[in-house]
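Chain naming here is simple, since letters A, B, ... match the order of the sequence lines and numbering starts at 1 in each.
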Number of protein chains: 4
Amino acid sequence: MNAEIPGGAAGAGSGTGAPRGRPRSVEADRAILTATLELLAERGLDATSIEEVAARAGVGKTTIYRRWTSKGLLALDAFVISFREEQPLPDTGTLRGDLLSALHAWVRAVTQTAMGPMLTGLIAEAQHDPELRGAWRDRVLEPLRTQHRVMLDRAIARGEIPASVDRDVVLDLFFGAAEHRLLLGHLPMTGEFIARVVDVILAGITRTQT
Amino acid sequence: MNAEIPGGAAGAGSGTGAPRGRPRSVEADRAILTATLELLAERGLDATSIEEVAARAGVGKTTIYRRWTSKGLLALDAFVISFREEQPLPDTGTLRGDLLSALHAWVRAVTQTAMGPMLTGLIAEAQHDPELRGAWRDRVLEPLRTQHRVMLDRAIARGEIPASVDRDVVLDLFFGAAEHRLLLGHLPMTGEFIARVVDVILAGITRTQT
Amino acid sequence: MNAEIPGGAAGAGSGTGAPRGRPRSVEADRAILTATLELLAERGLDATSIEEVAARAGVGKTTIYRRWTSKGLLALDAFVISFREEQPLPDTGTLRGDLLSALHAWVRAVTQTAMGPMLTGLIAEAQHDPELRGAWRDRVLEPLRTQHRVMLDRAIARGEIPASVDRDVVLDLFFGAAEHRLLLGHLPMTGEFIARVVDVILAGITRTQT
Amino acid sequence: MNAEIPGGAAGAGSGTGAPRGRPRSVEADRAILTATLELLAERGLDATSIEEVAARAGVGKTTIYRRWTSKGLLALDAFVISFREEQPLPDTGTLRGDLLSALHAWVRAVTQTAMGPMLTGLIAEAQHDPELRGAWRDRVLEPLRTQHRVMLDRAIARGEIPASVDRDVVLDLFFGAAEHRLLLGHLPMTGEFIARVVDVILAGITRTQT
DNA sequence: TCTTAACCGAGACGGTACGTCAAGTCTTCCT
DNA sequence: AGGAAGACTTGACGTACCGTCTCGGTTAAGA
């Protein structure tokens with residue numbers, strides 16, 4: 001539970017032993033997150049109010065505020081549940097295959113599912129909510145980067161790319177280009193776009209900078 | 001005026017000749033934009049209300065709504081005035097020099113001035129305001145891309161990179177990586193970051209010697 | 001208007017000339033007071049919420065808060081409108097006749113109309129709202145006392161009672177006994193009660209024949 | 001204890017003999033009443049919440065609700081404990097002496113101690129809580145009246161006043177006038193006020209209504 | 001000694017209403 | 001007709017208490 005709903009006060013302090021008082025309702029947790037997810041998909045984070053979430057979940061507003069300190073952190077929890085396993089760690093044998101597969105999965109998620117609007121809504125909200133910004137980094141961004149860094153490490157082990165590669169910069173280029181198109185929508189994220197992004201990055205780090 | 005404040009209804013119908021009635025106050029325009037700029041710098045787009053802008057500008061709310069249909073478009077106008085000339089088109093003789101110079105200018109603007117919060121605030125707002133999203137593309141993004149595409153065209157003419165390079169993808173990688181760090185703040189935009197971004201892209205698109 | 005709705009900010013300062021801005025809606029005033037009166041009669045002051053008044057009046061909550069700073073002052077205005085002329089100044093020629101007539105009118109008002117619950121509700125509310133307490137004194141109690149003091153003054157002029165009578169104490173006994181029964185309800189306010197109250201007071205202050 | 005805290009469910013079923021189960025904590029009773037008394041004195045009945053009483057008494061809310069069905073009844077119990085013996089039955093030998101002494105005691109209690117705010121708060125609360133209204137009559141008003149009726153009976157026995165005197169009306173005038181000033185605060189309860197109230201009533205019932 | 005019933009503190013539960021803020025619109029007088 | 005002022009309706013905010021409920025854990029009497 002703690003792992004899935006870290007946005008709130010997380011109930012009893014770990015190690016403090018007895019949790020005292022009526023325990024938080026697991027049903028309420030579920031109802032709130034379900035309602036949030038539905039509303040997020042229906043009208044986006046900005047147009048969703050805590051009041052509406054409470055009404056749809058059949059829950060008092062305080063029950064939500066007791067668990068989450070802001071709309072953003074609630075939305076983050078709802079998002080994370082759906083997003084986590086949609087981003088698998090591919091292992092195709094070559095870096096090109098891995099990168100293509102990973103970017104395809106990301107693009108598919110943000111264009112074919114409700115993840116797209118959720119993601120943009122959360123990034124938007126994070127711009128004026130420092131706590132959400134931090135939580136987003138800790139619970140979405142860093143896990144994703146850590147996972148994808150593995151692909152680069154394997155490529156280094158295989159000798160495909162030099163060990164001197166700045167993996168952080170590579171990840172920023174990799175996700176940055178796609179995120180840029182997602183946020184501004186100036187150009188579509190086609191298969192060709194994906195291929196070329198991977199091509200440029202791959203060529204850029206494969207070639208020796210002698 | 002029309003060219004600088006296209007966010008609003010543009011006042012008198014174009015071509016109708018005589019504007020009839022009292023003309024719009026130029027002082028009001030200036031006062032509103034100045035107040036907006038101040039508030040944007042002080043507390044960001046999200047925490048700025050039309051009501052406050054009106055109060056500080058010494059102007060009725062109606063006077064603002066008559067010119068701009070949304071807070072975002074007003075902020076965009078205030079932003080554009082300040083942002084435009086901060087992004088010069090460098091011409092250093094080599095693509096590497098041009099790219100480094102351009103990215104340095106961008107990073108400096110968003111980290112050393114109030115442009116950073118304004119930019120992130122506007123991108124955030126654009127996520128739930130389609131009109132602003134369009135205006136942002138037309139009035140900020142495309143001009144910037146057009147300007148930077150020239151650098152790539154010159155490099156092609158010089159034979160530094162092949163004509164087959166997908167310039168849009170290059171621009172997405174170029175701006176995407178930096179914007180990514182700006183929005184999420186997971187890593188700083190140091191000089192080294194700038195250099196490596198340029199290096200990877202450059203290596204990725206430079207003509208093969210084979 | 002000022003005379004009838006002194007609970008609010010009373011709009012423009014008198015003498016300041018032009019009232020600037022959109023004037024307060026007279027319809028809203030009326031709708032609010034009507035709704036308040038209905039709800040007060042239906043369920044009493046305590047069980048009436050500002051929210052419900054707003055809803056029934058078809059008015060925003062702020063429109064009420066702009067005019068009245070508390071529920072009590074709003075209720076007071078609604079009450080005063082109804083109560084004012086229900087308490088006529090009788091002139092029967094004798095003090096006994098005047099007092100009987102006045103007390104009858106008061107008892108009739110609080111037992112036969114909705115004035116009773118309103119009055120008790122307002123006195124109750126005034127116990128924890130000093131502003132209402134003051135307003136009640138100024139706008140209900142003192143006018144009523146001033147009016148009834150006239151009856152005593154006429155009796156003094158006629159020589160029925162000595163000029164040395166403490167008229168304030170007489171009024172306190174007169175209203176106090178009835179109010180006491182109204183608030184605690186331990187005994188009914190019958191015609192006999194009225195007669196005996198008047199008898200005792202009258203006997204107590206009538207000039208000694210000695 | 002039962003005699004002093006009759007507001008609650010009175011614990012064990014009458015006649016059932018053995019109460020079964022854990023007996024109610026006497027400490028909790030005391031703590032709750034003490035906390036109530038403190039808060040009543042500090043901020044009045046209206047501004048005191050059950051939640052705060054529970055917190056200060058170091059007691060669960062349930063423990064309070066198990067004993068008292070409403071805030072008013074709890075406050076009544078706290079009040080009665082303090083108020084009871086403050087109102088002695090004077091026996092000075094003359095009705096004037098008795099009345100003066102009794103009214104002095106009452107005025108002193110409500111003006112010099114925290115009894116005043118408690119009393120007004122309870123009367124206020126009783127206006128929208130019929131149960132409290134009944135309890136107030138049974139446990140405060142009637143005992144007080146019964147006690148003071150004795151003074152009138154003694155005066156009748158002594159021949160000071162005729163037996164035909166309506167003692168209820170006299171008591172209403174006696175307490176009504178003072179309560180009136182207490183609730184509305186339009187005039188102070190001075191020694192002169194007390195004397196004149198007694199004078200008028202005494203003169204009113206002494207004199208024969210031939 | 002072991003149930004068993006009612007208590008205890010703590011604190012979460014679904015609600016209601018609070019008083020405030022800002023949104024975008026409307027209405028007045030004035031320029 | 002534009003402009004400043006300030007009203008208007010709407011809707012959401014986050015908070016405080018309400019009276020109820022559920023925990024784990026006493027505390028006694030009865031079996």
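When rounded to the nearest whole Å, the span between CH2 of B/W68 and P of E/dA23 equals 15 Å. Counting to the nearest Å, the C1' atom of E/dA22 and the CG atom of B/L45 are 14 Å from each other. As a whole-Å value, the separation of A/R56 CZ from F/dA12 C1' is 17 Å. Between the NE2 atom of B/H128 and the C1' atom of E/dA23 there is a distance of 13 Å, given to the nearest Å. Between C/E27 atom CD and E/dT27 atom C1' the separation is 13 Å, expressed in whole Å. We find that CD1 of D/I64 is positioned 14 Å from P of F/dC17, with the value rounded to whole Å. Atom CG in B/L73 sits about 11 Å away from atom P in E/dG24, given to the nearest Å. Here the P atom of nucleotide E/dG14 and the CG atom of A/D29 are 11 Å apart, to the nearest Å.
Projected onto DNA chain E by closest heavy-atom contact, A/T63 and B/S70 fall at different nucleotides, the more 5' of which corresponds to A/T63.
Annotation: the span from B/M118 atom CE to B/L40 atom CG amounts to 5.0 Å, rounded to 0.5 Å. Within the model, atoms CD1 of C/I123 and CD1 of D/I123 stand 10.0 Å from one another, a figure rounded to the nearest 0.5 Å. In this structure, D/L37 CG and D/T48 OG1 are separated by 10.5 Å, a value rounded to the nearest 0.5 Å. Rounded to the nearest 0.5 angstrom, B/L74 CG and B/F79 CZ are separated by 14.0 Å. The structure places CG of B/D46 at 8.5 Å from CG of A/D46, a figure rounded to the nearest 0.5 Å. Taking CD1 from C/I64 and OG1 from C/T36, the interatomic distance works out to 6.5 Å, rounded to the nearest 0.5 Å.
Using five terminal pairs a side, the axes of the helix from E/dT1-F/dA31 to E/dT31-F/dA1 at its two ends make an angle of 10°, given in steps of 10 degrees.
Between D/R24 and E/dA5, a side-chain N or O to OP1/OP2 separation shorter than 4.0 Å is absent. Regarding contacts with the backbone of E/dA12, every side-chain N or O of A/S25 stays at 4.0 angstrom or more from both OP1 and OP2.
A salt bridge links A/R67 with A/D29: at least one charged nitrogen is closer than 4.0 Å to a carboxylate oxygen.
Among all heavy-atom pairs drawn from A/L122 and A/A75, the shortest one is CD2-CB, 3.9 Å.
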Reading nucleotides 25-31 of chain F from the 5' end, what letters show protein touch, with B for base, S for backbone sugar-phosphate only, - for no heavy atom under 4.0 Å? BBB--S-
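With E/dC13, E/dC8, F/dG3 as the choices, the nucleotide that has an atom nearest any side-chain atom of A/A28 turns out to be E/dC13.
Qualifying salt bridge (Lys or Arg N to Asp or Glu O under 4.0 Å) partners for D/E52, counting only residues two or more places apart in sequence or in other chains: D/R43. Looking at residues two or more places apart in sequence or on another chain, you find no salt bridge (Lys or Arg N to Asp or Glu O under 4.0 Å) involving A/K71. Applying the salt bridge (Lys or Arg N to Asp or Glu O under 4.0 Å) criterion to A/E38, with sequence neighbours excluded, gives A/R56.
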Please write out each protein N/O paired with an N/O of nucleotides 15-19 of chain E under 3.5 Å, distance rounded to 0.1 Å.
from   : atom 1 : to    : atom 2 : distance (Å)
E/dG15 : O6     : A/T62 : OG1    : 3.3
E/dC18 : OP1    : C/I50 : N      : 3.0
E/dC18 : OP2    : C/I50 : N      : 3.3
E/dC18 : OP2    : C/E51 : N      : 3.0
E/dG19 : OP2    : C/Y65 : OH     : 2.6
E/dG19 : N7     : C/K61 : NZ     : 3.0
E/dG19 : O6     : C/K61 : NZ     : 2.8

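Within a 6.0 Å sphere centred on CD of B/E42, other residues, nucleotides and ligands contribute more than 12 heavy atoms.
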